[in-house]
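Take a look at the structure below.
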Amino acid sequence: MATNPETDLPPTNHDEARRSFLRQSSLLTALALVPGPVVHAASAELDETVAAAFEKMPLKLEINGKKYKFSVEPRTTLLDLLREQLHLTGTKKGCDYGQCGACTVHVDGQRVNSCLSFAVMHEGKKITTIEGLADGDKLHPMQEAFVKHDGFQCGYCTPGQIMSAVACVREGHADSEAEIREYMSGNICRCGAYANIVAAIQEVKQGGQKV
Amino acid sequence: MKAQNKQIGTPMNRVDGRLKVTGAATYSAEYQLPGLAYAVLVGSTIARGRVSSIDTRAAERAPGALAVITHFNAPKVPGFAKGQNPSQPPTAGQPLQVFQDDKVRFNDQPIAVVVADTYERARFAAGLVKAQYVQEKHQTDMTVGTRQAFQPTQARKNPKSPVADYQRGRADAYQTAPIKLEAEYIIPTEVHHPIELQAVTAHWEAPDRLTLYDKTQGTIRTRNDFAKEWNLPEANVKVIATFVGGAFGNGLHSWPHESAAIMAAKQVNRPVKLVLSREQMFTMVGYRPYTWQKIGMSATPDGKITALTHEATGQTSTYEEFTESTVQQSRMMYAAPNVNTRYRLAALDVSTPIWMRGPGEATGAFALESAMDEMAHQLRLDPLEFRLRNYADQDPENGRPWSTKFLKECYQMGAERIGWSKRPLTPGTLRDGDWLVGYGMGVGTFGAHRSKAQTSARLLPTGTVLLQCATTDIGPGTGTAMTQIAADTLGLPPEKIRFELGNSQFPTAPTQGGSSTVNSVGAAVQEACLALRDKLRQLAAASNSAFAVAQKEDVVLADGYLALTGNPAARANYADLVRQPDDALVTVESKPSEEQKKYSMYSFSVHFAKVRVQPLTGEVRVSKLVSCADAGTIVNLKTAANQMKGGAVGGIGMALMEAATIDNRFGRYITKDLADYHVPVHADAPAVEVLFVNQPDPHVNALGTKGIGEIAIIGVAPAIANAVFNATGKRIRELPITPDKLI
């Protein structure tokens with residue numbers, strides 16, 4: 001659901017449900033203008049579904065160069081939107097608390113823990129995930145370097161490490177091994193491939209390729 | 001075909017590297033299934049007692065909610081009804097039968113599962129479930145548990161059990177010796193915490209056909225467990241684990257969340273995905289047990305160990321007896337005449353532990369190798385020299401020869417690389433500015449295990465050879481190593497090999513654990529390739545007499561055709577060879593030989609650590625680690641070195657950071673996430689230098705491998721603890737070595 005490019009926008013199921021509901025109930029439409037009663041209605045078990053319909057919000061995002069328009073619950077994290085609704089499962093869930101870095105994506109070029117931000121906070125922003133890093137079949141230099149230096153074992157933290165590594169170089173925080181270690185410390189690799197990850201980042205930095 | 005290794009021993013890039021760096025590798029929570037529903041578990045808030053009531057009304061009415069399952073309404077599980085949970089316990093007891101009774105055995109025990117159409121809705125609804133309890137007094141304190149320790153059932157029943165008491169010479173002989181030490185060591189509970197959260201997607205494809213996309217280390221073990229649990233033929237249960245995002249042991253047991261997801265999928269008649277939260281990873285999928293140990297040791301003034309006693313008590317649950325080989329290294333590492341070991345359990349109101357990397361051996365090595373350092377210090381001997389004076393040239397436990405042992409070579413290489421000669425004999429005397437500097441070493445060993453394994457090999461019309469095996473790859477690079485083995489065995493480039501794994505419908509393989517995959521599956525891959533070549537030669541011989549008389553070794557599988565070395569005219573194309581689809585298919589089962597029983601087969605490692613300690617703050621930084629391994633043939637230098645480095649990082653966590661702490665008043669973990677439970681990050685990981693002896697072991701298998709995964713971590717924590725002692729003169733016997741213990 002909700003994966004329609006902006007150019008072609010049939011209503012999503014949730015939009016439909018919401019509209020038909022609005023048509024059917026002017027009384028409840030009035031309730032929507034008064035958040036208090038809606039909350040009250042929900043807690044009084046009147047109709048949680050009613051509340052749920054009202055709680056959806058429109059959202060526009062550009063993800064990996066493609067424009068999307070959604071209707072999402074405000075409580076949906078950017079991470080869960082990517083993984084569960086767009087099936088962009090390269091972005092990983094490792095803790096849901098911003099402690100492991102597996103969910104790192106770029107928002108307008110900045111690295112962000114996507115589990116720690118609600119999708120609706122990024123209205124109109126450009127998101128890049130691991131799936132958007134390569135240029136078609138040609139791997140990004142950081143991806144190439146991770147393969148060459150074996151900067152992973154199980155591979156689960158890897159997309160987050162790579163997104164963070166690219167940002168680390170772009171930020172100018174990859175000038176020494178010590179600096180890389182410090183600025184990559186938000187990305188945990190439980191397999192312990194740290195030395196290889198640092199070697200990969202150093203090679204990309206020293207190679208001077210555009211990242 | 002000439003036996004020449006072109007791929008084995010090279011640092012080949014991983015065959016699945018591209019999938020991993022592009023996000024295209026699919027883990028168990030990432031399968032798109034039509035109608036997928038989401039399940040969230042609700043855990044108990046008490047540690048012991050009974051659930052008297054559960055109010056699920058609000059959860060059931062929540063938007064999108066599809067089902068709320070508790071012990072009041074759980075569907076009948078036929079395997080449970082037989083009285084035993086078929087999820088085989090490690091040794092004794094009965095695994096938790098989720099939602100089958102009102103009993104609470106530990107805090108955060110699953111008491112309900114909520115299913116909804118989206119993840120957010122399932123999570124919200126789960127928060128609406130309210131339980132009432134009749135609370136009973138719980139016991140989660142190991143200091144109490146240790147006093148009530150008991151001998152494992154398995155050991156009581158069978159004196160030859162590996163966890164039974166062991167004795168050679170006199171027991172506790174150290175007590176009456178003039179030069180002796182006696183010391184207690186503690187390892188707290190540690191949690192595997194792979195970065196991938198434990199996840200399962202359960203899909204009943206038909207009322208009697210179940211597919212699980214599961215984070216498991218053994219597709220066959222998981223299949224068998226759930227086939228029994230649901231009373232299904234094994235063939236009707238399919239387990240997929242193509243990619244496993246780390247496990248370190250917690251995929252070696254079937255757990256309640258898997259049963260819960262299967263039940264939920266049955267109930268809502270849709271595929272159901274269940275992903276544990278990071279908090280639930282502390283309570284629902286095992287951990288390294290809190291272990292108390294005592295070492296008694298005596299020695300002669302010139303450094304010969306005369307007696308060694310190793311006692312250990314490990315934590316387990318009240319419903320399963322989890323055992324491990326905590327005291328094994330003390331039986332066979334050093335040539336002492338009087339050795340005895342005692343292994344006990346303490347049952348607490350906690351969930352069941354499970355092997356965590358290096359398992360009991362890593363726990364045991366912390367005590368033994370710390371004590372070795374303590375005794376060397378007492379004797380004013382270099383700890384390396386002390387170990388050499390007690391080197392075991394044959395296995396002192398049973399008198400058998402080692403299949404291979406190159407530990408002395410490891411000592412030598414490692415000592416040189418770390419700069420052991422700079423280690424001061426007197427602790428606390430080496431400084432680098434404000435920091436104290438110290439060196440330490442620790443030895444590791446783990447059995448070179450091999451089990452029977454099957455693999456199939458098929459020549460495809462494209463000339464590629466497709467191999468299939470049910471084994472998994474939790475990170476070591478199994479697919480890559482197998483590709484190299486197959487390429488060399490068949491004389492093909494690695495691009496012409498495709499190795500598929502992680503599917504229970506492929507030929508049977510043991511669970512990935514205990515450093516045994518290359519020993520077992522590697523041998524099966526090699527034998528399958530040889531069998532395929534022979535089968536193709538026989539097919540060719542039917543129409544071409546040159547193949548009939550040819551030596552096996554001269555048959556070459558080239559790019560889609562069979563040829564003979566030294567006879568360019570002889571050639572059989574795929575179409576000539578393969579008339580029926582399965583003509584070019586073989587499936588072999590590879591087994592260890594009886595001859596192996598004549599030998600003691602172990603991998604060995606030694607780790608050297610250099611640490612810096614800030615005396616004012618008590619901060620410890622590991623500045624260098626050198627890890628040397630005698631692990632037989634190294635199939636892939638790149639992935640093997642990576643595994644060793646990873647083990648070293650795990651050892652840093654063990655030594656300096658990791659501790660899951662229970663507030664015993666409530667029987668509840670106060671460490672609930674990765675901000676409380678510290679694991680090493682980039683800034684904590686030093687340069688790790690890895691050295692391999694790389695000498696084949698002729699007895700484990702034809703490849704000469706012995707296994708790496710466990711010895712990578714066994715011995716690392718004591719190496720660091722010993723280095724801290726060398727730097728500061730402070731002996732820390734309770735891990736982790738946090739700053740408060742040094743100031």
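Below, chain A is the first sequence line, B the second, and so on; all start at residue 1.
- Using a cutoff of 4.0 Å between basic side-chain nitrogens and carboxylate oxygens, A:R83 and B:E30 are scored as salt-bridged.
- Most heavy-atom pairs under 4.5 Å with chain A: of the set B:V688, B:D673, B:I474, this distinction falls to B:D673.
- Salt bridge status for B:R121 with A:E73: present, with a side-chain N to carboxylate O gap under 4.0 Å.
- Looking at B:E120, both its backbone and its side chain come within 4.5 Å of chain A, counting heavy atoms on both sides.
- Only the backbone of B:A25 comes within less than 4.5 Å of a heavy atom of chain A; no side-chain atom from C-beta onward does.
- Counting only heavy atoms from C-beta outward, the side chains of A:T158 and B:V21 approach each other to under 4.5 Å.
- The side-chain heavy atoms of A:S71 and A:M57, taken from C-beta on, include no pair separated by under 4.5 Å.
- In terms of heavy-atom pairs under 4.5 Å with chain A, the best-connected choice from B:K273, B:K638, B:R57, B:R123 is B:K638.
- A donor-acceptor pair shorter than 3.5 Å cannot be found between the side chains of A:S185 and B:H682.
- Heavy atoms closer than 4.5 Å to chain B are found in the side chain of A:A195, but not in its backbone.
- With respect to the salt-bridge test (charged N to carboxylate O, under 4.0 angstrom), the residues A:E203 and A:K148 qualify.
- For chain A, the option among B:N13, B:V649, B:N642 with the highest count of heavy-atom pairs below 4.5 Å is B:N642.
- Counting only heavy atoms from C-beta outward, the side chains of B:L674 and A:I188 approach each other to under 4.5 Å.
- Other residues, nucleotides and ligands contribute over 12 non-hydrogen atoms within 6.0 Å of the CD atom of A:E123.
- Between chain B and the options A:H140, A:E182, A:R75, A:E131, heavy-atom pairs under 4.5 Å are most frequent for A:R75.
- Taking B:D473, B:T639, B:D684 one by one and counting their heavy-atom pairs under 4.5 Å with chain A, the maximum is reached by B:T639.
- Counting only N and O atoms by type, the side chains of B:S28 and B:D214 include no donor and acceptor under 3.5 Å apart.
- Using a 4.0 Å cut-off between charged side-chain N and carboxylate O, B:R18 and A:E144 make no salt bridge.
- Across A:I197, A:D96, A:L139, the residue that shares the most heavy-atom pairs under 4.5 angstrom with chain B is A:L139.
- The contact between B:P686 and chain A is made entirely by backbone atoms, counting heavy-atom distances below 4.5 Å.
- Both the backbone and the side chain of B:A675 come within less than 4.5 Å of a heavy atom of chain A.
- With a threshold of 4.5 angstrom between heavy atoms, A:E177 does not approach chain B through any atom at all.
- Chosen from A:T129, A:T89, A:L88, the residue pairing most often with chain B at heavy-atom distances under 4.5 Å is A:T89.
- B:Y287 and B:H192 have their aromatic ring centers separated by at least 6.0 angstrom.
- The pair B:E710-B:R357 does not count as a salt bridge, with every side-chain nitrogen at least 4.0 angstrom from each carboxylate oxygen.
- Ranked by heavy-atom pairs under 4.5 Å with chain B, the list A:M184, A:Q153, A:E84, A:Q161 is led by A:Q153.
- Residue with the most contacts toward chain A among B:M281, B:E279, B:R14: B:R14 (heavy-atom pairs, distance under 4.5 Å).
- Between chain B and the options A:V198, A:N196, A:L133, the largest number of non-hydrogen pairs under 4.5 Å is found for A:N196.
- Within the 4.5 angstrom heavy-atom criterion, only backbone atoms of B:P194 (N, CA, C, O) approach chain A.
- Both the backbone and the side chain of A:D150 come within less than 4.5 Å of a heavy atom in chain B.
- Looking at A:F152, the atoms closer than 4.5 Å to chain B (heavy atoms on both sides) sit in the backbone and in the side chain alike.
- For the pair A:R190 and B:E658, the salt-bridge criterion is met [side-chain N within less than 4.0 Å of a carboxylate O].
- Contact count versus chain A (heavy atoms, under 4.5 Å) is highest, among B:K20, B:R278, B:Q643, B:K645, for B:K20.
- Here A:E171 pairs with A:R111 in a salt bridge; the nearest charged N to carboxylate O distance falls below 4.0 Å.
- Of the atoms belonging to A:I162, it is side-chain heavy atoms, and not backbone ones, that fall under 4.5 Å from chain B.
- Contacts between A:K92 and chain B at a heavy-atom distance below 4.5 Å involve the side chain alone, from C-beta outward.
- B:A648 does not touch chain A: none of its heavy atoms, backbone or side chain, sits under 4.5 Å away.
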